[in-house]
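Have a look at the structure below, then the notes.
Every heavy atom of this structure was used, including side-chain atoms; hydrogens, water molecules and symmetry mates were not. Predicted model, so just to flag it, every value in this text is computed and none were measured.
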Amino acid sequence: MSVRGRGAAGPEQVPAPDRAAASVPDRASAPVLVSLNGGRGAADGAAVPLSPPDVVEAALAAVAAGAGEVLVHPRTPCGRESLSPRVVGPLLEAMRGAGVFVPLSVSAGIGAEPDPAGRLERVRSWTVLPDRAVVHFAEPGAEELGRALLARGVAVDAVVPLRGEDGAGPGAEPGPLARFLAWPVRDPGRVRLAVELAAADPALVAGLRWLPPVPLLLFGREAAAWPVLRLAARCGAAARTGLGDVLHLPDGRPARSNAELVEAAAREIAAAGATTAGSR
């Protein structure tokens, strides 16, 4: 699913493909993204991969289970999130060298580098590039960071948290969504709007239709994770799961791995798709 509507074309804009307007794209156009570890730590359980070997193993298993993209928060040997090229580069090389050939994303957030100027310096010094990077538009310096990543050939997931009180239409209070709308880069091939929903509210998604024509990913965390994934499936948006977002399966049992979450997500998406098709 692409969000479509207003937004002037900037110098980097390319025409959206015709299928971007389809209400429900094929699976290849909206792969399930797995967030391997997120901002979690050792206290969240042994299933969360933190060390490079564990991240590689988890990525391979998740892709084998059906994940079409992998998101990772690289960490130093002591477990701290980092954007250092000495941390990001070797991890990406290890994943690709082990056979993880789906697109790889790195979170470029405040958890890894609190200083906006420091984040810019880090991504500009990367010697090995991810396919995508996650930029949080609720954090300072997001616009410049996104431009720097695009200039390096790295696609951007622009994360915007959206709640009922935020609104998605004209008159919404300035915030992450307003900052994204004011960002002049509109390249459907390299920018995706990743909306974090606090609840699976279809009205919020309906309100996104007037936004610029970029692909849409929907995700939630913890209790909202599975309802939002089902909503994403029903409206044709890309979906996300993984231990970085949720530690439990849809039936409430603790997840033993990212691969188990991906398998559960595939079942949920298939069921939601069947329900949507049956209601037409």
When rounded to the nearest 0.5 angstrom, what distance separates [atom1] in [X] from [atom2] in [Y]?
X: Ile269; Y: Thr241; atom1: CD1; atom2: OG1; value: 8.5 Å
X: Arg122; Y: Arg86; atom1: CZ; atom2: CZ; value: 7.0 Å
X: Leu243; Y: Asp44; atom1: CG; atom2: CG; value: 9.0 Å
X: Leu217; Y: Leu193; atom1: CG; atom2: CG; value: 9.0 Å
X: Leu162; Y: Leu218; atom1: CG; atom2: CG; value: 9.5 Å

Checklist entry - Heavy-atom count around Arg256 CZ within 6.0 Å, excluding the residue itself: above 12? => result no

Next on the checklist: Take a 6.0 Å sphere around CD of Glu143 and say whether it holds more than 12 heavy atoms from other residues, nucleotides or ligands.
Outcome noted: yes

Checklist entry - Got a salt bridge between Arg230 and Glu268, using NZ or NE/NH1/NH2 to carboxylate O under 4.0 Å? => result yes

Checklist entry - Do the charged groups of Arg40 and Glu222 touch, with an N to O distance under 4.0 Å? => result yes

Minimum heavy-atom separation for [X] to [Y], with atom names?
X: Gly220; Y: Asp245; value: O-CB, 3.8 Å
X: Glu113; Y: Arg119; value: O-NH1, 2.7 Å
X: Val154; Y: Ala133; value: CG1-N, 3.7 Å
X: Ala200; Y: Pro202; value: O-CD, 3.3 Å
X: Phe137; Y: Ala158; value: CE1-CB, 3.5 Å
X: Arg253; Y: Glu260; value: NH1-OE2, 4.2 Å

Could you tell me whether the side chain of [Y] reaches within less than 4.5 Å of the side chain of [X], counting heavy atoms only?
X: Leu145; Y: Pro116; value: no
X: Leu261; Y: Val34; value: no
X: Asp157; Y: Leu33; value: yes
X: Ser35; Y: Arg240; value: yes
X: Arg152; Y: Leu149; value: no
X: Val135; Y: Phe180; value: no
X: Pro74; Y: Glu81; value: no
X: Val195; Y: Leu204; value: no

Checklist entry - Can you check whether Leu83's main-chain N or O pairs, donor with acceptor, with Trp126's side chain at less than 3.5 Å? => result yes

Checklist entry - Okay, side chain of Trp183, backbone of Ala142: is any donor-acceptor separation there less than 3.5 Å? => result no

Give a yes or no on whether [X] and [Y] share a hydrophobic cluster (residues Ile, Leu, Val, Met, Phe, Trp, Tyr; joining criterion: side-chain heavy atoms under 4.5 Å apart).
X: Leu150; Y: Val160; result: yes
X: Val87; Y: Val55; result: no
X: Leu181; Y: Val214; result: yes

Item to check | Step-by-step side-chain contact (heavy atoms from CB on, under 4.5 Å) determination, Val48 to Leu247 | outcome: CA-CA 9 Å; Val48 180; Leu247 297 174; 4.2 Å; yes

Residues 60-72, side-chain donor-acceptor partners within the protein, below 3.5 Å, at least two apart:
residue : atom : partner : partner atom : Å
Glu69   : OE1  : Arg192  : NH2          : 2.9
Glu69   : OE2  : Arg192  : NH1          : 2.8
Glu69   : OE2  : Arg192  : NH2          : 3.4

Counting only pairs under 3.5 Å, give me each side-chain donor-acceptor contact of residues 92-109, with atom names and distances, residues two or more places apart or in other chains.
residue : atom : partner : partner atom : Å
Arg96   : NH1  : Leu129  : O            : 3.0
Arg96   : NH2  : Leu129  : O            : 3.0
Arg96   : NH2  : Asp131  : OD2          : 3.3

Checklist entry - Between Arg75 and Asn37, is a side-chain contact (heavy atoms from CB on, under 4.5 Å) present by the stated rule, with each step listed? => result CA-CA 10 Å; Arg75 284 171 167 78; Asn37 51 16; 3.2 Å; yes

Item to check | By side chain to side chain contact (heavy atoms under 4.5 Å, CB included) - contacts of Pro52 (at least two apart) | outcome: Leu91

